[in-house]
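Input: a single structure, listed below in structure tokens.
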Amino acid sequence: GENVEQHPSTLSVQEGDSAVIKCTYSDSASNYFPWYKQELGKRPQLIIDIRSNVGEKKDQRIAVTLNKTAKHFSLHITETQPEDSAVYFCAPPGATNKLIFGTGTLLAVQP
Amino acid sequence: GAGVSQSPSNKVTEKGKDVELRCDPISGHTALYWYRQRLGQGLEFLIYFQGNSAPDKSGLPSDRFSAERTGESVSTLTIQRTQQEDSAVYLCASSSGYPGNTIYFGEGSWLTVV
């Protein structure tokens, strides 16, 4: 099955700084790479995703980059704001479309 | 429906009792997932239904856990003889079933076993 690891597990940044979270996966059949954000007490929600035929995708302050050769993809948040504070999960589906979530990264943005 | 609906939203039960959690996916979604999330922890995969295929039950932690789905609609997750370690949020999600399609989560069922 798919092994998914996220680094770091916690990340604290000052408001306005950038944050980068990396997701490493094992199943080379993965061709879809989503990131989910879960605010405290809320459900996870998709914030950005990328498909294997694209190396980078950007949506305002967030971006995702993919390195299929090395089997990792990263979430980049620029100009961080307090409302970016949450837990972020990656969930590459692998060959079966069964989403296995990473262990999560707790991002704290200090005002 | 407009979104994934789960019930009950909160359940407190005594150790040893059985509980049933219900999930109503988005209409037309063929894929349905159950996850467990303990306080402060990640999302633990439990079971995955895709259309009429046999469900992937590889994440169910013990034989006290079972789930069923009626066609491509409602699913129930049953926990028999509940234990305190079963206390968690149980999240249901659904998607159109095509690889790479967004999955949408329900609000979750908060289970507390006392």
Side-chain angles (χ1 to χ4, degrees), chain A residues 1-10 21 23 25 27-54 57 59 64 66 68 73 86-108, chain B residues 2-7 9-10 21 23-26 29-51 53-60 67 69 88-110 112:
Chain A
E2 176 83 283
N3 283 331
V4 180
E5 292 187 1
Q6 281 183 238
H7 295 281
S9 56
T10 60
I21 304 168
C23 179
Y25 61 94
D27 190 339
S28 57
S30 292
N31 57 14
Y32 171 66
F33 306 92
W35 283 98
Y36 288 80
K37 175 184 180 182
Q38 186 177 30
E39 296 176 8
L40 188 62
K42 303 282 184 67
R43 72 186 99 181
Q45 291 191 298
L46 178 75
I47 55 169
I48 195 166
D49 56 19
I50 195 170
R51 298 179 196 276
S52 59
N53 58 341
V54 177
K57 181 178 177 181
D59 182 2
V64 55
L66 171 65
K68 278 211 81 177
F73 62 110
V87 180
Y88 292 82
F89 294 98
C90 62
T96 65
N97 202 34
K98 176 177 79 180
L99 290 186
I100 301 297
F101 283 78
T103 46
T105 297
L106 174 62
L107 173 65
Chain B
V4 179
S5 178
Q6 291 189 244
S7 62
S9 54
N10 283 285
L21 308 177
C23 174
D24 210 334
I26 293 172
H29 277 190
T30 60
L32 187 147
Y33 307 78
W34 283 100
Y35 293 90
R36 178 170 70 179
Q37 188 173 34
R38 293 194 170 107
L39 192 63
Q41 303 295 309
L43 292 155
E44 180 185 357
F45 168 79
L46 297 179
I47 189 168
Y48 164 47
F49 296 89
Q50 172 57 62
S53 302
D56 181 334
K57 304 180 180 181
S58 59
L60 294 178
R69 187 179 187 193
V89 177
Y90 290 82
L91 288 159
C92 176
S94 73
S95 79
S96 65
Y98 295 104
N101 277 39
T102 304
I103 72 167
Y104 297 89
F105 282 87
E107 297 276 11
S109 290
W110 294 72
T112 304

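Both backbone and side-chain heavy atoms feed into the values below; hydrogens, waters and symmetry mates do not. Keep in mind that what you see is a predicted model, and the values were worked out from it rather than measured. Chain identifiers are assigned alphabetically (A, B, ...) following the order of the sequence lines, protein sequences preceding nucleic acid strands; residue numbering begins at 1 within each chain.
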_Can you tell me which portion of L91(B) sits under 4.5 Å from chain A's heavy atoms? Options are side chain, backbone, both or neither._
side chain
*Reference residue F101(A); test ring-ring contact (aromatic ring centres under 6.0 Å, His included); the match among Y35(B), Y33(B), F45(B)*: Y35(B)
*Counting only heavy atoms closer than 4.5 Å, note whether F33(A) contacts chain B via side chain, backbone, both or neither.*
neither
*Specify the closest pair of heavy atoms between Q37(B) and F89(A), including all atoms of both residues, with the distance to one decimal.*
NE2-CZ, 3.9 Å
*If you count heavy-atom pairs under 4.5 Å with chain B, which of L99(A), D49(A), I100(A) comes out on top?*
L99(A)
*asked:* Nearest 0.5 Å, please: how far is OG1 in T102(B) from OH in Y36(A)?
replied: 6.0 Å
*asked:* Which atoms of Y104(B) are under 4.5 Å from chain A, going by heavy atoms: the side chain, the backbone, both sets, or neither?
replied: neither
*Tell me, side chain or backbone of F105(B) under 4.5 Å from chain A's heavy atoms, or both, or neither?*
both
*Return the option, out of N101(B), D56(B), I103(B), with the maximum number of heavy-atom pairs under 4.5 Å with chain A.*
I103(B)
*Checking Q38(A) against chain B: side chain, backbone, both or neither under 4.5 Å from a heavy atom?*
side chain
*Side chain, backbone, both or neither: which part of P34(A) has a non-hydrogen atom closer than 4.5 Å to chain B?*
neither
